[in-house]
Amino acid sequence: GISENLQNIFRKFSGRGHLTEKNIRDGMREVRMALLQADVNFKVVKSFIDRVTEKSVGQDVIKSITPAQQIIKIVQDEMITLMGQSDTGIDFSSSGPTIIMLIGLQGSGKTTTCAKLAKYLTKKSHHPLLVAADIQRPAAVEQLKILGKQLDLPVYSEALGPPPRICAQSLKFAAEKNCDVIILDTAGRLHIDQELMNELKEINQKVKPHHIWLVADAMTGQDAVKSAAEFDTQLPLNGVILTKLDGDSRGGAALSIKAVTGKPIKFAGIGEKVTDFEEFHPDRMASRILG
Amino acid sequence: LLKGKKIDEDLLNQLEEILISADMGVETSLKIIEDLKSAYKEGKLTGVEQVIDYLKLELKTSLKETKSALNLSTTPPTVILIAGVNGTGKTTSIAKLAYLFQQEKKKVLLAASDTFRAAAIDQLAVWSDRIGVEIVRHQPGADPGAVAFDAAEAALARQVDYLIVDTAGRLHTKTNLMKELTKIKNVLAKKIPGAPHETLLVLDATTGQNAIIQAKQFNEAVPVTGLFLAKLDGTAKGGIIVAIKNQLNIPVKFIGLGEKSDDLEPFDADKFVDALFA
Ligand SMILES: Nc1nc2c(ncn2[C@@H]2O[C@H](COP(=O)(O)OP(=O)(O)OP(=O)(O)O)[C@@H](O)[C@H]2O)c(=O)[nH]1
Ligand SMILES: Nc1nc2c(ncn2[C@@H]2O[C@H](COP(=O)(O)OP(=O)(O)OP(=O)(O)O)[C@@H](O)[C@H]2O)c(=O)[nH]1
Ligand SMILES: [Mg+2]
Ligand SMILES: [Mg+2]
């Protein structure tokens with residue numbers, strides 16, 4: 001991993017005084033490689049390396065640790081700063097149901113995450129309503145209905161749509177069922193499909209969700225920045241959920257998405273079961289990405 | 001991009017960024033840049049315009065080394081096993097293949113061997129209905145191997161041209177699920193000689209370096225004969241398939257360009273490489 005690589009680079013280090021510019025450049029080349037291999041976006045890596053290089057220059061080598069360890073500490077601290085503080089709380093509405101809308105690219109895990117989020121909320125004594133606003137994907141409504149049934153939770157759906165209408169109608173249904181949270185499952189879409197992006201905007205205008213969270217796949221590569229930035233630009237995104245973290249992807253997409261949107265990653269999907277859902281730990285993610 | 005520039009460190013860095021942003025990965029990008037430097041030193045490249053052409057030609061040549069045509073059985077049915085991690089586009093890609101074969105006036109049978117995920121069977125059934133092909137399905141929770149067995153029997157009995165087997169998304173890190181995939185393949189092999197004739201790993205074009213590990217691990221569970229690169233209609237370039245070709249020699253056979261049944265193209269190395277630098 002990165003520790004061993006850096007130890008090798010600094011094996012011949014004399015161990016005194018400042019980290020020289022050459023020490024730092026050698027170390028940073030290694031860090032850059034590690035971050036790119038971890039799928040952090042190359043632009044995010046560039047500005048990250050510039051910042052940590054600046055922070056490292058002239059730093060006195062701490063007598064008790066090796067320069068490799070020192071560079072790693074500087075890098076890790078910067079990554080944890082970039083990933084931000086843990087922010088897993090949910091602001092609930094003081095009047096009427098709290099509306100949470102899940103959006104994202106095709107196949108990222110939105111429908112499954114709706115069910116996980118619902119389960120998480122029931123554990124916290126809430127009464128969520130699941131809304132099947134994806135009428136485009138074959139059997140998407142059925143998928144959410146099955147998940148709702150497994151959780152013994154209500155699911156609102158309509159045969160015809162369109163999705164903005166389904167979402168608007170779900171509010172009445174939530175009132176009838178005494179639901180205090182409404183979770184909107186939307187169809188996967190490309191950030192460059194303006195028609196479908198406009199559909200999300202229309203849902204937002206009609207229903208005014210309190211929370212719009214991007215559901216993103218942890219194995220996404222360089223493209224994470226493009227899609228996240230576009231969703232963030234076109235909609236008032238206020239959170240991110242990273243899925244499939246039970247895989248062995250280093251998850252550099254987490255850093256890219258945080259860097260480009262500034263929005264907190266609130267939860268992690270860690271499996272296919274409805275209980276495979278946990279609060280996101282930025283510090284754990286930082287060390288996973290570094291490898 | 002290269003107008004008025006000379007072949008210097010700056011240019012090479014710019015090119016490396018193009019390769020990396022296409023998800024080619026550090027190792028592959030570095031190697032390509034090194035080859036470029038050697039070619040320059042050997043006098044093969046004198047002008048900046050030649051650099052991109054040289055790069056493109058190298059990539060195109062490499063990608064064409066493997067055959068991207070589908071492996072067909074000498075006697076029907078040709079059995080195609082579809083596998084991949086969660087959400088990459090397997091079920092939708094099967095619909096596209098079924099539609100393609102249907103257009104070629106071939107008889108197609110689908111096997112709904114994802115008996116695990118909510119509404120997975122329903123999803124494939126909607127497609128089989130829309131396209132007008134038959135499907136073999138059991139109850140949710142049934143043994144995927146049993147579905148594959150029944151489908152293979154039906155494929156022989158009904159004398160179909162293609163049997164396409166859908167499987168549940170699975171992370172390669174889950175040993176028991178990978179074992180299940182091997183078992184499904186063995187069931188097909190036992191029932192139909194030479195099956196599966198084609199095992200396609202469906203990759204999401206937005207996936208980064210993990211795609212290489214996916215290809216490696218899936219290839220160990222069931223020899224992967226080809227890649228189906230889905231979601232190439234997005235902004236991701238799918239350059240990871242270059243690294244997969246270099247390390248595992250697995251060719252791309254099809255690309256997915258959308259969510260409809262005709263959003264499929266056979267892999268064209270020239271088109272793909274040109275798009276990398278577009
Ligand atoms: N291993 C793992 N699989 C997951 C996770 N989250 C979702 N999945 C799986 O990923 C696949 C896609 O999940 P869906 O919920 O259908 O994804 P989606 O975003 O709703 O898909 P579209 O509606 O088509 O855009 C399914 O096989 C899920 O079981 C996770 O955290 N870990
Ligand atoms: N834009 C685009 N979307 C695609 C493409 N292929 C599949 N999709 C979409 O990706 C999502 C997931 O597709 P599925 O076919 O359910 O994926 P899967 O691999 O079978 O998923 P699991 O069985 O849950 O692992 C759906 O919303 C599809 O419409 C493609 O080529 N382009
Ligand atoms: Mg969905
Ligand atoms: Mg599927």
(request) Determine the option with the most heavy-atom pairs under 4.5 angstrom with chain B, choosing from Q37(A), R250(A), E272(A), Q136(A). (result) E272(A)
(request) Can you establish whether the number of heavy atoms outside N176(B) located under 6.0 Å from its atom CG is more than 12? (result) yes
(message) I'd like to check D233(B) versus L190(A) (side-chain heavy atoms, cut-off strictly below 4.5 Å). Are they in contact?
(response) yes
(message) Counting neighbours of NZ on K31(B) that are heavy atoms of other residues, nucleotides or ligands and sit closer than 6.0 Å, is the number greater than 12?
(response) no
(request) Would you kindly say whether N210(B) and D248(A) are connected by a side-chain donor-acceptor distance under 3.5 Å? (result) yes
(request) Using modelled atom types only, decide if a donor and an acceptor are shared between the side chain of K226(A) and the backbone of A236(B) within a distance under 3.5 Å. (result) no
(request) Write down the atom of I146(A), the atom of A118(B), and the distance for their closest heavy-atom approach. (result) CG2-CB, 3.8 Å
(message) Could you check whether K46(A) pairs with E16(B) (Lys NZ or Arg NE/NH1/NH2 to Asp/Glu carboxylate O, under 4.0 Å)?
(response) no
(message) More than 12 heavy atoms of other residues, nucleotides or ligands under 6.0 Å from NZ of K145(A): yes or no?
(response) no
(request) Would you indicate whether Q103(B), at its atom CD, is surrounded by more than 12 heavy atoms from other residues, nucleotides or ligands within a distance under 6.0 Å? (result) yes
(message) With chain A as the partner, which of T91(B), T88(B), T206(B), D122(B) has the greatest number of non-hydrogen pairs under 4.5 Å?
(response) T206(B)
(message) Please classify the contact of N41(A) with chain B as side chain, backbone, both or neither, using a heavy-atom distance under 4.5 Å.
(response) neither
(request) Return the option, out of E230(A), K244(A), K43(A), with the maximum number of heavy-atom pairs under 4.5 Å with chain B. (result) K244(A)
(message) Looking at chain B, which one of Q150(A), Q106(A), R32(A) has the largest number of heavy-atom pairs inside 4.5 Å, strictly under?
(response) Q106(A)
(request) Side chain from CB out, backbone as N, CA, C, O: work out which of these in E27(B) comes under 4.5 Å of a heavy atom of chain A, or both, or neither. (result) neither
(message) So if I apply the side chain to side chain contact (heavy atoms under 4.5 Å, CB included) rule between Q222(A) and each of I240(B), T235(B), D23(B), which one comes out positive?
(response) D23(B)
(message) If we define contacts as heavy-atom pairs under 4.5 Å, which of L30(B), L124(B), T207(B) has the most with chain A?
(response) T207(B)
(message) For the OG atom of S108(A) and the CG atom of D204(B), what is their distance to the nearest 0.5 Å?
(response) 9.5 Å
(request) Tell me, for L36(A) versus chain B, whether the close heavy atoms (under 4.5 Å) come from the side chain, the backbone, both or neither. (result) both
(request) Could you check which of H172(B), R130(B), E259(B) has the highest count of heavy-atom pairs closer than 4.5 Å to chain A? (result) E259(B)
(request) Counting only heavy atoms closer than 4.5 Å, note whether I213(B) contacts chain A via side chain, backbone, both or neither. (result) side chain
(message) Would you say CD of E142(A) has more than 12 non-hydrogen atoms from neighbouring residues, nucleotides or ligands within 6.0 angstrom?
(response) yes
(message) D246(A) vs K174(B), test: side chain to side chain contact (heavy atoms under 4.5 Å, CB included). Steps then yes/no.
(response) CA-CA 9 Å; D246(A) 46 319; K174(B) 315 226 156 140; 2.5 Å; yes
(message) Any heavy-atom pair between the side chains of Q123(B) and R137(A) that's under 4.5 Å?
(response) yes
(message) Below 4.5 Å, heavy-atom pairs only: which of P138(A), A139(A), G107(A) has the largest tally toward chain B?
(response) P138(A)
(message) Regarding D223(A) and K237(B), does a basic nitrogen lie under 4.0 Å from an acidic carboxylate oxygen?
(response) no
